[in-house]
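The structure appears right after this line, and notes come after that.
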Amino acid sequence: HVQLVESGGGSVQAGESLRLSCTASGYTYTRYCMAWFRQFPGKEREGLAAIDDNGETTYGESVKGRFIISQDKEKHIWYLQMNSLKPADSAMYFCAAYGGALGPFLAPDYLFAYWGKGTQVTVS
């Protein structure tokens, strides 16, 4: 049974940084794509960053150059380093996993079979 658990959210001031973590358990795929999404109240999920088992990455336009996705494959932890945070980045952040060899992707999000419950980020 695959479980994803996000952590690292919180409240920060504009311009500060946060690093989110996504810890996976029960995940046995050797080929995968892990991604970070966020969701604003009443809005669709927005894909932010994705990484595959080869370390290839892709980013959404709204965070390119500010957010960095990385992974510790041995520990099954995926990270999202968020820099130069803005109030507009305030949202619930989720990690998601796809088991397969499609490379890093963000859409369509319904391909991601596994989702965490999210961690709140608030920037003021």
Side-chain angles (χ1 to χ4, degrees):
H1 178 62
V2 175
Q3 282 192 311
L4 304 178
V5 179
E6 302 93 339
S7 61
S11 297
V12 296
Q13 299 290 315
E16 293 184 342
S17 298
L18 273 177
R19 189 177 77 161
L20 305 183
S21 299
C22 174
T23 302
S25 59
Y27 198 75
T28 59
Y29 294 101
T30 54
R31 305 300 308 274
Y32 60 79
C33 170
M34 298 290 287
W36 285 95
F37 292 81
R38 68 185 176 190
Q39 190 166 25
F40 305 105
K43 302 290 187 181
E44 296 290 319
R45 278 189 296 238
E46 175 189 9
L48 303 176
I51 189 168
D52 72 2
D53 51 280
N54 290 319
E56 297 291 322
T57 59
T58 189
Y59 292 90
E61 286 300 318
S62 64
V63 301
K64 197 175 290 185
R66 292 193 301 130
F67 290 10
I68 301 169
I69 190 170
S70 61
Q71 60 186 348
D72 184 329
K73 294 172 70 173
E74 299 232 347
K75 295 181 179 179
H76 301 289
I77 302 177
W78 287 261
Y79 301 99
L80 184 67
Q81 178 68 40
M82 305 188 296
N83 301 317
S84 302
L85 284 163
K86 309 171 185 177
D89 294 315
S90 298
M92 186 70 80
Y93 285 70
F94 300 88
C95 62
Y98 167 83
L102 286 183
F105 69 96
L106 293 171
D109 62 0
Y110 61 76
L111 287 183
F112 290 91
Y114 308 104
W115 292 82
K117 293 183 178 180
T119 185
Q120 179 69 39
V121 171
T122 302
V123 185
S124 58

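Here the structure is a predicted model, which means the values were calculated and not measured. This chain uses plain numbering: 1 for the first residue, then up along the sequence.
Atom CG of residue Leu4 and atom CE of residue Met34 lie 5.0 Å apart, to the nearest 0.5 angstrom. Atom OG1 of Thr57 sits about 6.5 Å away from atom CD1 of Ile51, to the nearest 0.5 Å. Here the CD1-OG distance, from Ile77 to Ser70, works out to 10.0 Å after rounding to the nearest 0.5 Å. Residue Ser90 holds its OG atom at 8.5 Å from CG of Leu85, rounded to the nearest 0.5 Å. Within the model, atoms CE of Met92 and CD of Gln39 stand 9.0 Å from one another, a figure rounded to the nearest 0.5 Å. Annotation: the span from Leu18 atom CG to Asn83 atom CG amounts to 9.5 Å, rounded to 0.5 Å.
Around the NZ atom of Lys73, the shell of radius 6.0 Å holds more than 12 heavy atoms that belong to other residues, nucleotides or ligands.
Between Leu111 and Leu102 the shortest side-chain heavy-atom distance falls below 4.5 Å. At a threshold of 4.5 Å between non-hydrogen side-chain atoms, the residues Asn54 and Arg31 count as touching. With a 4.5 Å cut-off on side-chain heavy atoms, Gln81 and Ser17 count as touching. For the pair Phe105 and Asp52, the minimum side-chain heavy-atom distance is 4.5 Å or more. Within the 4.5 Å cutoff, the side chain of Tyr59 has no heavy atoms near those of the Leu106 side chain. Under the 4.5 Å side-chain criterion, counting only non-hydrogen atoms from C-beta, Arg38 is not in contact with Val121.
Tyr93 pairs by the ring pair (Phe, Tyr, Trp, His ring centres under 6.0 Å) definition with nothing, not counting sequence neighbours. With sequence neighbours excluded, no residue forms a ring pair (Phe, Tyr, Trp, His ring centres under 6.0 Å) with Trp36. Every side-chain contact (heavy atoms from CB on, under 4.5 Å) that Glu16 has, sequence neighbours left out, goes to Val12, Gln13. For Ser7, the side-chain contact (heavy atoms from CB on, under 4.5 Å) criterion is met by Ser21, not counting sequence neighbours. Every residue was checked against the ring pair (Phe, Tyr, Trp, His ring centres under 6.0 Å) condition with Phe67, not counting sequence neighbours, and none meets it.
In this structure, Phe94 and Gly116 approach most closely via the heavy-atom pair CD2-O, 3.5 Å. When every heavy atom of Val2 is checked against every heavy atom of Gly26, the shortest pair comes out as CG2-O, 3.3 Å. The two residues Pro104 and Cys33 make their nearest non-hydrogen contact at CA-SG, 3.9 Å.
Side-chain heavy atoms closer than 4.5 Å link hydrophobic residues (I, L, V, M, F, W, Y) into clusters, and following such links, even through other members, never connects Val123 to Phe37.
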Could you go through Tyr79 and Ile68, starting from their C-alpha distance and side-chain angles, then the distance that decides it, and tell me whether this counts as side chain to side chain contact (heavy atoms under 4.5 Å, CB included)? CA-CA 8 Å; Tyr79 301 99; Ile68 301 169; over 6 Å; no

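Among residues at least two apart or in separate chains, side chain to side chain donor-acceptor pair (under 3.5 Å) pairs with a member in residues 107-123 are Tyr29-Tyr114, Arg45-Asp109.
Within the 3.5 Å criterion, the main-chain N or O of Gly118 finds a donor-acceptor partner in the side chain of Glu6. In terms of modelled atom types and a separation under 3.5 Å, the side chain of Asp53 and the main chain of Tyr32 share a donor-acceptor contact.
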